[in-house]
Trainee: 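Mind having a look at this structure? Questions to follow.
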Amino acid sequence: MPTISSTEAGAVGRYINLGSPASQDDIGAQTCVAYCNPSGAAENNLGYFFGKAAGASYLRFNTNHNGGSPTFGFGASSSGSSLNPGASAPNNSLTYGVEQHLAFTWDGSLNASNILLYNDSGLLASATSDGSGALSSDAASDLWLLNRDTSSRAFIGDVYYIARWSRILNWTELQNVFSNGPLAEPTGLILLWANQQDYSTNALTPSS
């Protein structure tokens, strides 16, 4: 893992737009890890680590202030349920003012029980809602970091890295990432945003 010399400091209106490269579109089975220190409630109480939320797509990995019992979750979109499949971690599964890892894995199906949520302590119980019909494509949507677009859902705090894989990492592999950084699990690593650049082989650059 590259030395962390700076952070992405979240603030109202903060966002990074990586466009819609093929490497980030309609991934299916995937994992994402955010190493972060949320400082408090996000903009409008929902802070995005990443989102592809335009048109019919609502792919999202975000925090939720949840009335002061903060949590986090992941969701996609389907033709019969625009915000599902989705899963939410238990109340107080994230802590403000503390460095922590938050992660999800998903097999790319409509079955929300196949969305697994993790923090540093391990696999978390989650509330789930299945999708229906067919999964919605996210290929027409840009990939945004720290927000879902140019406004309204900014993450507030520091993000040391956001990493995404095109495969499911098991708990042993996630522990390796938590301890040694995402480059310790290079297979399928399609995004590693840290220090204002992408350290994956895709080397994505912001479009705005």
Side-chain angles (χ1 to χ4, degrees), residues 10 12-34 36 38 41-67 69-91 93-94 102-118 124-156 159 162 164-168 190-191 193 207-208:
V12 172
R14 179 75 168 116
Y15 64 88
I16 298 165
N17 181 5
L18 293 175
S20 188
S23 66
Q24 306 298 314
D25 292 342
D26 293 332
I27 297 303
Q30 60 188 280
T31 299
C32 189
V33 176
C36 62
E43 187 179 12
N44 293 313
N45 295 317
L46 297 173
Y48 277 52
F49 294 117
F50 83 74
K52 282 175 131 283
S57 172
Y58 293 96
L59 194 75
R60 62 208 182 275
F61 179 30
N62 64 280
T63 66
N64 185 339
H65 182 59
N66 191 36
S69 300
T71 182
F72 70 99
F74 167 78
S77 186
S78 58
S79 58
S81 182
S82 62
L83 294 176
N84 293 311
S88 180
N91 292 353
S93 51
L94 71 85
L102 305 175
F104 76 82
T105 68
W106 177 45
D107 69 349
S109 76
L110 293 167
N111 187 347
S113 66
N114 293 327
I115 300 170
L116 303 182
L117 302 175
Y118 298 84
L124 301 168
S126 58
T128 61
S129 297
D130 291 340
S132 62
L135 284 173
S136 302
S137 172
D138 62 52
S141 302
D142 287 355
L143 177 66
W144 302 81
L145 305 182
L146 302 182
N147 214 320
R148 66 177 181 182
D149 51 28
T150 59
S151 65
S152 79
R153 294 290 186 265
F155 176 86
I156 305 297
V159 174
I162 297 171
R164 193 182 188 200
W165 289 259
S166 58
R167 67 182 183 93
I168 293 174
I190 58 174
L191 175 69
W193 189 265
S207 61
S208 60

Trainee: Between Tyr48 and Trp144 (judged by ring centroids, cut-off 6.0 Å), do the two rings come close enough to count as a pair?
Mentor: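 No.
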
Trainee: Would Thr71 and Asn64 count as having a side-chain donor-acceptor pair, cut-off 3.5 Å?
Mentor: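 Note: Thr71 and Asn64 side chains miss the donor-acceptor criterion.
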
Trainee: Would you please name every residue forming a side chain to side chain donor-acceptor pair (under 3.5 Å) with Asn45, sequence neighbours left out?
Mentor: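 By the side chain to side chain donor-acceptor pair (under 3.5 Å) rule, Asn45 matches no residue at all.
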
Trainee: Going by salt bridge (Lys or Arg N to Asp or Glu O under 4.0 Å), name the residues that satisfy it together with Arg167, two or more places apart in sequence or in a different chain.
Mentor: Glu173, Glu185

Trainee: What pairs with Asp26 under salt bridge (Lys or Arg N to Asp or Glu O under 4.0 Å), at least two apart in sequence or on another chain?
Mentor: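 For Asp26, no residue satisfies salt bridge (Lys or Arg N to Asp or Glu O under 4.0 Å) once neighbours in sequence are set aside.
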
Trainee: Is the backbone N or O of Ser78 less than 3.5 Å from a side-chain atom of Ser81, with the two atoms forming a donor-acceptor pair by type?
Mentor: no

Trainee: Distance from Asp138 atom CG to Ser20 atom OG, nearest 0.5 Å?
Mentor: 7.0 Å

Trainee: Is the shortest side-chain heavy-atom distance between Leu191 and Phe50 below 4.5 Å?
Mentor: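 A side-chain contact under 4.5 Å is absent here.
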
Trainee: With under 30° as parallel and over 60° as perpendicular, where do the rings of Phe104 and Phe61 fit, or are they tilted in between?
Mentor: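 Phe104 vs Phe61 ring planes: perpendicular.
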
Trainee: Does the Asn44 side chain pair with the main chain of Ser152, one donor and one acceptor, at a distance under 3.5 Å?
Mentor: yes

Trainee: Run the side chain to side chain donor-acceptor pair (under 3.5 Å) test against Trp165 and tell me which residues pass, sequence neighbours left out.
Mentor: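 Testing Trp165 for side chain to side chain donor-acceptor pair (under 3.5 Å), a comparison that skips the adjacent residues, returns none.
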
Trainee: Please identify each residue that fulfils side chain to side chain donor-acceptor pair (under 3.5 Å) with Thr128, with sequence neighbours left out.
Mentor: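 Testing Thr128 for side chain to side chain donor-acceptor pair (under 3.5 Å), a comparison that skips the adjacent residues, returns none.
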
Trainee: Quick test of your reading: applying salt bridge (Lys or Arg N to Asp or Glu O under 4.0 Å), list the pairs with at least one residue in residues 145-156, sequence neighbours left out, ordered by first then second residue.
Mentor: none

